[in-house]
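Scroll down for the structure; my scribbles are underneath it.
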Amino acid sequence: SLSSVEASPTQSLPSLSVSPQSSSSSSSSSPGLDTQWDVNFEIPWSKFPEEVMQALERGKRPGPKLRRQMVRIVVTEMMQKCPHVGKKHSTDVAAKMVAKYPSSLQDVIEGDIVGTGYHSLVKQLQNRIENVRRTSTPKIRKRKHQTDDSDQTDEIPLEERAAMQDTYGCIKWNVKFLPLEETQESQKQKMEKLKVMFQHSDANPEEVKCLMKSTFYTQRQHVNQGKSIKCLREEWPFWFDELGMSVHFMELTGIDLKETFTRNLDLKGKRLLDYMTTVCVNKSKKFLQNYARLQRMRGQRSGCSDDVIEMILLLLSYFDEEEESMFFHVEDTCLAEEVQLEQVPLTPVVIVCG
DNA sequence: TAGAGAGGATCGAGGGCACT
DNA sequence: AGTGCCCTCGATCCTCTCTA
């Protein structure tokens, strides 16, 4: 029953001639709505721009831009009649349109009609409908800059936001529930205890680890609220310490940060560096300049292998990342507490002296 | 003239639902 | 219970346009 689409452009026999197979009078049983809207639906030809109508009437194919304009107008009209346009409706409308102006709208490759001849228009209508229906606000709540006084008045309502999901390698990005043995109060106490322990250099690492692990829920709440680095540093000082950082990373991703990094450095470091310095140097002028700069600086630094430094910086450059958002430069004489935290980016950075 | 941003297109996963 | 179809959603890519 495919392909038997009568191309009768007559308006006098609406819907019957076009809709394939079961025209089971629109299954949507929602009361009050015009369930017959699709049968009565008139293509808003008169609303099309003159340029489109010129093309259609002259049997010419409207260009992509014009075609999109046309699709937009039709979809607006359809969605006014019925906010939940289904595939069947899009198909009917597309079929009607193609039936009226086959030489302008039909899917044809080298003279052959492709499939029904209107599939591409159906898809275009469907895509437009879907894109219209998508909310303009991003579903994933990204960290956004939060000034201290503004108490997030523009929070996206929960129901408009898709379920939070684990992504970018995270397995516990957003923890929904407190551990059963924990309460808000116990979390707060542990957080305070950690702050105190940070002041004492002789803190028991095992205890720190344990406390960091059991407060992971609250840590994620704080991070995902988009609080500033300055604020987070005061609340969770151990994050900025190798131990606390690795506990958090382990919980978040299920990966042992240091072990994985050093293992991969041994395993893939050489190959990556080779690739960067042979193939990627041809990638762009910018990359080549960065590479040359790093070459000049070789041997001037101490403490860390030049290869590792070069690899990290070349990776940054390769992915067009701003070095400034990774490293924040301060004067040689600058003490840790003198760093202007207001000027530091929202995301974590390495503060470099000199 | 390159880069950013908007809008369109596409893909895969997953859920709902009707039908068998 | 299995199957097929449709819909929605997240993610991402592509294309076009605007702007610095």
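Below, read A as the first sequence line, B as the second, and so on, with proteins coming before strands; counting in each chain starts at 1.
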Taking the six-membered ring for Trp, are A:Tyr101 and A:Trp45 ring centroids under 6.0 Å apart?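 That pair passes the under 6.0 Å test.
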Short side-chain N/O contact to C:dC7 OP1/OP2 from A:Gln126, under 4.0 Å
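So the side-chain polar atoms of A:Gln126 do come within 4.0 Å of the phosphate oxygens OP1 or OP2 of C:dC7, strictly under.
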Give the C-alpha distance, both sets of side-chain angles, the deciding distance and a yes or no for salt bridge (charged side-chain N to carboxylate O under 4.0 Å, His left out) between A:Glu251 and A:Arg220.
CA-CA 10 Å; A:Glu251 289 295 305; A:Arg220 289 314 304 167; over 6 Å; no
Whether each nucleotide of nucleotides 3-11 of chain B has a protein heavy atom under 4.0 Å at its base (B), only at its sugar-phosphate (S) or at neither (-) is summarised, 5' to 3', as ----SBBB-
d(CD, A:Gln69; C1', C:dC16) in whole Å |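 From A:Gln69 CD to C:dC16 C1': 13 Å.
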Open item on the list: Before you tell me yes or no, could you show the steps for A:Lys195 and A:Glu192 under salt bridge (charged side-chain N to carboxylate O under 4.0 Å, His left out), namely the whole-Å CA-CA distance, both residues' side-chain angles and the distance that decides it to 0.1 Å?
Closed with: CA-CA 5 Å; A:Lys195 281 191 206 170; A:Glu192 293 305 323; 3.5 Å; yes
Is any side-chain heavy atom of A:Met70 less than 4.5 Å from a side-chain heavy atom of A:Met97?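 Yes; the side chains approach each other to less than 4.5 Å.
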| A:Gln126 and A:Glu130: side-chain donor and acceptor closer than 3.5 Å? |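 Side-chain D/A pair, A:Gln126 to A:Glu130: absent.
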Would you list the protein and nucleotides 12-20 of chain B atom pairs, both N or O, that sit under 3.5 Å from each other?
none

Nearest 0.5 Å, please: how far is OG in A:Ser103 from CD in A:Glu57?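 Between A:Glu57 CD and A:Ser103 OG, I get 10.0 Å after rounding to 0.5 Å.
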task: Please report the closest heavy-atom contact between A:Pro62 and A:Arg67, naming both atoms and the distance.
output: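 Minimum heavy-atom contact is CB-N, 4.3 Å.
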Checklist entry - Taking NZ, NE, NH1 and NH2 as the nitrogens, is one of them in A:Lys270 or A:Asp274 under 4.0 Å from a carboxylate oxygen of the other? => result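 Salt bridge: yes.
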